[in-house]
Amino acid sequence: MPGFVLLVRPRGDGSPEMRVGYTVTKKIGNAVTRNRMKRRFRALARELLPTQGVRGADHVLIGRQGGIERDFASLRAELAKALAKAPR
């Protein structure tokens, strides 16, 4: 099971701009843990979205239980796989 859920929704406003959002609930842990997970998501988005993201769409990364324990390389591979499956 991946450490996050990726939602991709085309905006349909004609703009090629990609937007990204991050959500980590209190079920994941305390504020320190949630902020660390969001920092990891931001780093992943900076690295992968410019080349693999869907143009003109909103991307939302939702943290899941166990995602904070994953190493960064496996999260990167999971996000790349999820972006490849995203509708274009």
Side-chain angles (χ1 to χ4, degrees):
M1 183 173 292
F4 58 87
V5 173
L6 174 67
L7 301 176
V8 179
R9 181 177 175 266
R11 287 193 314 275
D13 61 1
S15 172
E17 178 183 323
M18 286 185 279
R19 297 188 303 189
V20 63
Y22 314 98
T23 302
V24 182
T25 65
K26 286 185 178 181
K27 289 187 215 176
I28 303 302
N30 62 11
V32 173
T33 303
R34 293 191 313 268
N35 286 330
R36 184 172 39 156
M37 191 167 210
K38 285 189 270 187
R39 282 194 305 271
R40 295 177 92 193
F41 285 164
R42 284 187 204 105
L44 286 168
R46 271 193 307 271
E47 185 177 331
L48 295 176
L49 282 184
T51 57
Q52 299 178 18
V54 179
R55 300 269 175 225
D58 293 334
H59 302 74
V60 180
L61 287 163
I62 303 170
R64 297 185 74 175
Q65 196 70 30
I68 197 67
E69 290 90 19
R70 286 197 185 0
D71 61 315
F72 193 75
S74 65
L75 282 176
R76 183 186 307 118
E78 290 170 359
L79 182 58
K81 183 177 178 182
L83 286 170
K85 290 181 179 181
R88 303 270 168 196

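Summarising the geometry, atom CE belonging to Met18 is positioned 10.0 Å from atom CZ belonging to Arg11; distances are rounded to the nearest 0.5 Å.
Across Leu6 and Ala82, no two heavy atoms sit closer than the pair CD2-CB, 3.8 Å. When all heavy atoms are compared, the tightest approach of Ala80 to Leu48 is N-CD1, 3.9 Å. Across all non-hydrogen atoms, the minimal contact from Val20 to Ala45 is CG2-CB, 4.3 Å. Shown here for Asp71 and Arg40, the closest heavy-atom pair between the two residues is C-NH2, 3.4 Å. Minimum interatomic distance between Ile28 and Met37 (heavy atoms only, all atoms of both residues): CG2-SD, 3.9 Å.
Using a 4.5 Å cut-off on side-chain heavy atoms (C-beta onward), Leu49 and Leu83 make contact. Side-chain contact between Phe72 and Leu44: present, with at least one pair of heavy atoms (C-beta onward) separated by less than 4.5 Å. Looking at heavy atoms from C-beta onward, Glu78 lies in side-chain contact with Leu75 at the 4.5 angstrom threshold.
Remark: Arg42 CZ is packed, more than 12 non-hydrogen atoms of other residues, nucleotides or ligands lying under 6.0 Å away.
Following chains of ILVMFWY side-chain contacts shorter than 4.5 Å, one can reach Leu61 starting from Ile68, so the two form part of one hydrophobic cluster. Linking ILVMFWY side-chain heavy atoms closer than 4.5 Å, directly or via other members, places Phe4 and Val54 in a single hydrophobic cluster.
When atom types are taken as modelled, the side chain of His59 and the backbone of Arg19 share a donor-acceptor pair closer than 3.5 angstrom.
Classified by interplanar angle (parallel below 30°, tilted 30° to 60°, perpendicular above 60°), the ring pair Phe41/Tyr22 is parallel.
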